[in-house]
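Data block below; observations after.
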Amino acid sequence: MRRPSPQRLIGGMHASFNLAALFDAALKTAATATGLDAADFAPEVRTADPKHGDFQANGVLPYAKRTKQTPRALAEKLVAALPADVREACAITVAGPGFINFTLQPAALQSWLRTFSTREQLSAGAATAYSGQTWVVDYSSPNTAKQMHVGHLRSAVIGESISRLLAFSGAKVIRDNHIGDWGTQFGKLIWAYKRQLDTAAFAEDPLAEFERLYKVGNNASDADPAVLKEAQQELVKLQSGDPENTAIWKEIGEVSVSSFQQIYDLLGVRFDTTLGESFYNDKVGRVYQELTDCGLASESQGALVVFHPEHPRFKDQPFLVRKSDGAANYASTDLATILYRREHFHADAAIYVIDSRQGDHCQQLFLTAQKWFEKTGRKVPRLEHVAFGTVLGEDGRPLKTRNGDNIKLKDLLSEAVERARRLVDEKSTDLPEDERRVISEVVGTGSVQYADLSQNRSSDYLFSWDKMISLEGNTAAYLLYAVARVRSIFRKLEAVPGDSAVEADASPLETPEELSLARKVTKFSDAVALATNQLRPHFLCLYLYELAGEFSTFYAANKVAVDDPAVRARRLMLCARTLLMLETGLDLLGLRTVNRM
RNA sequence: GCAGCUGUAGCUCAACUGGAUAGAGCGUCGCACUACGGAUGCGAAGGUUUGGGGUUCGACUCCCUACAGCUGCACCA
C-alpha cells in the first residue's frame, strides 16, 4: 500500500484549511483507537506559542484527571496512535505536564501554501463552518432626523466586519439596519417643520436642519403647554395616517437614509434591508396578544409588562412591552422584530451590535422572546448582544467637541482623511494628485475603522488622533504599508501574485524567516475562525498585524529579487500568500487597500 | 440601594474564555542598513496582572471579599 505523503495529507483535503481542526479530529480518532471515551475527550487543539510549535493540544490534562491517569503517559499513547500521515507531516512531542505539540514540517507548510492560493480557495475552506445557517445582524440602526455622531461609529464598523466574517464562514447573512424612524419625537419635529423650516439651511444640510427643528419643537413644548398639546396632535395625526404629516415623515426618512448612505459608503457598510421601527408598527398587536395569551405579560399600573420571577433582578424590574397610554415602545417593536426575523428570514441567529449600556434591555428582550417562542412551539433563534464600550476622548470622558456637542461622524471621518492627506503629501511627494486623494481616503477612514476594530470591543476605548494615524504599531497604516510593499515587489519584478507557472519552480523553504512567515500564513484560517466564533474582529486584527510584522522581518533579511530562479520563486510565493491573507483579512474587516502609498 | 461592565509595564492595548517563562506598540536607551519602498529591521530596560483570601496539576481568566472608575434600573428610543 502506498503511504500518503505529507503533501497529500495537508494539500489534498479541503478540511485541512483549518489545521487546528484537522489535528483535533486526528486526536479524536486516535482516542477512539486507544479505547478512550471519545465523547468525553475534547482535544482542545489551538495555535501555540511558536517556541513550542505550531499547534498544541491541551485536552489531555483534564481528561487524564477525570479518568485518574498519568497525563504524560496518556499523551504518549495518543501520539503513537495518530495516523502515520499526520506523524509524517509534523514533528509531534509531548511536553510539560502533558501538552501535545505539533510542528509542521517545511514540506507540509509549503504544501499548504500551494493549496490555498486564491481568495476562492480560502473562502471554500472557511465556508464549511457556518453553511446552512441564517444570521441576522442588527447594526448601525441610527435614528432618523438626526445626524450620525461618533457614538454611531462602533456599531457600524463592528457590525459590518462581523457580517463579512460570518458570510465568509459560510452563513447566509441578513444585514438589517433597524433605524429609529417612529416615536414621539416626530410630533415636535412636525410641529416645528410646519412653522419654522429654513429652506436655505435645508438645502445645505437637511439633516442638520431637522435636528435644529426638533430642538425648536422640543424647547417650545417645554416652555408652553399649549405647544406641547399641538405637538401631540401632530403625532396623533401622523399615527392615524394624515396625508400631510405622513408626507413630511416620509421625507424625513428618505432624507435621513440617503444621508446615512454617504457615511456607509465611506465605511464600506452595506445593508440588505432597512426595516425601521415603523415597519413593525402594525405587527405589535399580535405580540401583545400572544404574550398575554401564553401568560407571560400582565397589566401593571396600566402598562403591559413582563416579569421574570426566576431572575434576581428582572423579577422586580419589569420589561415594559406596552405603555399605559396603549402606545408601543421599543420593547414592543423589538419583540415583533424577532418574530419577523424568525418567520420571514428563518433566522437561526439574530445578533445585536449595540452599546453595552443596553445590556439590561437586551437581556430582558431575549429572555422574553425565548419563553414566548418556547410556549408557542417556535424554534428559538440564538440571540446575542454583541456589546461594545464607549468611545472616550483623551480626558477619559465620552468623546465630545470642545463645547460639549457630539462629534459628527461626517466631521470625524473628514478630519481623518485630512490628517492622512497631510501625511501622504509629506511622504509620497512623487505620486499624482488624484492618487494621493484616494490614498488619503483609504488610509484616513481605514485608520478610524481599524482603531475601533483592533481593540477588544467589550471595553471603552480611548480615541487618539496621534495614535490612530501615527502609522506605527498595530495600525491600519502599518498593514496598508505592508500591502503596498508586497505589491511593489511584484511591480518591480514584473510578476503577478500567485502565478502558478512561476511558483512551480519554487525550491523548499529554508531560511528561518521564510519558515516563520510561512507558519504565520497558515494560521489565517485559525484567526478567522476565532474572530467569527467569538464575534470579535480584534483577533483577526492582531493576526494581520503579526503577519505584517513577520513579513517585514522576512523582507529585511531575505531579498526576493535574487538571481537563483528557484529561491526567487519560493519567496515570490511567500509574498503572494502574505498579500492574499492581508488583503482578504483587511476586506473582512471592511477596509480597502492601495497599490502605493 | 440593586445589578452589570471595567481595573494588566510610565501611556495605549493583547493574552484564543483555565494552559507552558503575561506579550505588543508608543515613550526611554542602544544598534543595523545609500534600501526588491525608511511609513523599516534588531536589541535592552520596564510587571506582586488594584489589594486580600480561596478553588487545582495549572489562575490575568473561576469563586469570596475590599477598593476604584464607568454604566443601567416603569412608560424616551
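Lettering of chains follows the sequences in order, A, B, ..., and the numbering in each one begins at 1.
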Self-check item: Inter-nucleotide C1' distance (rA3(B), rA59(B)), Å rounded
Solution: 26 Å
Quiz prompt | Donor-acceptor contact below 3.5 Å, side chain S256(A) vs main chain A145(A) | solution = yes
Quiz item: From rC16(B), rU17(B), rA24(B), pick the nucleotide closest to the side chain of Y545(A)?
Solution: rA24(B)
Exercise. Return yes if a side-chain donor-acceptor contact under 3.5 Å exists between D360(A) and Q358(A), otherwise no.
Key: no
Exercise. Remember a base hit wins even if backbone is also touched, and classify V562(A) as base, sugar-phosphate or nothing at under 4.0 Å, heavy atoms.
Key: nothing
Quiz item: Do the side-chain N or O atoms of Y478(A) get closer than 4.0 angstrom to the phosphate oxygens (OP1, OP2) of rG41(B)?
Solution: yes
Quiz prompt | Below 4.0 Å: OP1/OP2 of rC26(B) and any side-chain N or O of K467(A) | solution = no
Quiz item: Under 3.5 Å, is there an N or O donor on one side and an acceptor on the other linking the side chain of S324(A) and the base of rA74(B)?
Solution: no
Practice problem: Could you check whether P71(A) gets within reach of a base, just the sugar-phosphate, or nothing at all, counting any heavy atom under 4.0 Å? | Solution: nothing
Quiz item: When we call it a touch if two heavy atoms are under 4.0 Å apart, what does F99(A) touch: a base, just sugar-phosphate, or nothing?
Solution: base
Quiz item: Checking all strands, does Q56(A) fall into the base, sugar-phosphate, or nothing category for heavy-atom contacts under 4.0 angstrom?
Solution: base
Quiz item: Looking across every strand, which nucleic acid part, if any, lies under 4.0 Å from D49(A) by heavy atom: base, sugar-phosphate, or nothing?
Solution: nothing
Exercise. Return yes when atom NZ of K283(A) has more than 12 non-hydrogen atoms of other residues, nucleotides or ligands closer than 6.0 Å, and no otherwise.
Key: yes
Quiz item: G549(A) or L530(A): which one's nearest nucleotide on RNA chain B is closer to the 5' end?
Solution: L530(A)
Exercise. Classify the nucleic acid contact of N474(A) as base, sugar-phosphate or nothing, counting any heavy atom under 4.0 Å across all strands shown.
Key: nothing
Quiz item: How would you label the contact of R568(A) with the nucleic acid (heavy atoms, under 4.0 Å): base, sugar-phosphate, or nothing?
Solution: nothing
Quiz item: Counting distance only, does the side-chain N/O of R457(A) pair as donor-acceptor with the main-chain N or O of L535(A) below 3.5 Å?
Solution: yes
Self-check item: Polar side chain donor-acceptor pair, D466(A) to S464(A), under 3.5 angstrom
Solution: no
Quiz item: Contact class for T333(A) (heavy atom, under 4.0 Å): base, sugar-phosphate, or nothing?
Solution: nothing
Quiz item: By centroid distance (under 5.5 Å) and plane angle (under 30°), are H538(A) and rA14(B) in a stacked arrangement?
Solution: no
Exercise. Name the nucleic acid region contacted by A48(A), choosing base, sugar-phosphate or nothing; use a 4.0 angstrom heavy-atom cut-off, strictly under.
Key: nothing
Per-pair distances, 0.1 Å, donor-acceptor, side chain in residues 554-566 of chain A, under 3.5 Å, sequence neighbours excluded:
residue	atom	partner	partner atom	Å
N558(A)	OD1	T511(A)	OG1	2.5
N558(A)	ND2	E513(A)	OE1	3.4
D564(A)	OD1	A566(A)	N	2.9

Self-check item: No-hydrogen, no-angle side-chain donor-acceptor test under 3.5 Å, N218(A) and S221(A)
Solution: no
Quiz item: Checking only heavy atoms, does the side chain of R46(A) share a donor-acceptor pair with the base of rU17(B) at less than 3.5 Å?
Solution: no
Quiz item: Toward the 5' end of RNA chain B, which comes first, L61(A) or N143(A), by nearest nucleotide?
Solution: L61(A)
Practice problem: Using both distances under 3.5 Å as the test, list the Watson-Crick or G-U wobble partner of rC2(B), or none. | Solution: rG72(B)
Exercise. Name the nucleic acid region contacted by S464(A), choosing base, sugar-phosphate or nothing; use a 4.0 angstrom heavy-atom cut-off, strictly under.
Key: nothing
Exercise. For S428(A), answer base if it contacts any base atom (sugar-phosphate contacts may also be present), sugar-phosphate if it contacts only those atoms, and nothing otherwise; contact means non-hydrogen atoms under 4.0 Å.
Key: base
Exercise. Determine whether any donor atom in the side chain of N101(A) lies under 3.5 Å from an acceptor atom in the base of rA20(B), or the reverse, and answer yes or no.
Key: yes
Exercise. Would you mind classifying the nucleic acid contact of T553(A) as base, sugar-phosphate or nothing, using non-hydrogen atoms under 4.0 angstrom?
Key: sugar-phosphate
Quiz item: Is Y330(A) stacked on the base of rC76(B), with ring centres under 5.5 Å apart and planes under 30° apart?
Solution: no
Practice problem: Remember a base hit wins even if backbone is also touched, and classify A95(A) as base, sugar-phosphate or nothing at under 4.0 Å, heavy atoms. | Solution: base
Quiz prompt | Pairing nucleotide - rC62(B), Watson-Crick or G-U, each distance under 3.5 Å | solution = rG54(B)
Quiz item: Is rU71(B) syn or is it anti, if syn means the base angle is within 90 degrees of 0?
Solution: anti
Quiz item: Which part of the nucleic acid does N558(A) contact within heavy-atom distance under 4.0 Å: base, sugar-phosphate only, or nothing?
Solution: base
Practice problem: Sort out the partner of rU8(B) for me: Watson-Crick or G-U wobble, both distances under 3.5 Å, none otherwise. | Solution: none
Self-check item: No-H, no-angle donor-acceptor pair, Q534(A) side chain to rU17(B) base, under 3.5 Å
Solution: yes
Quiz prompt | Under 3.5 Å on both distances, the Watson-Crick or G-U partner of rG23(B) | solution = rC13(B)
Quiz item: Who does rG41(B) pair with, Watson-Crick or G-U, both distances under 3.5 Å?
Solution: rC31(B)
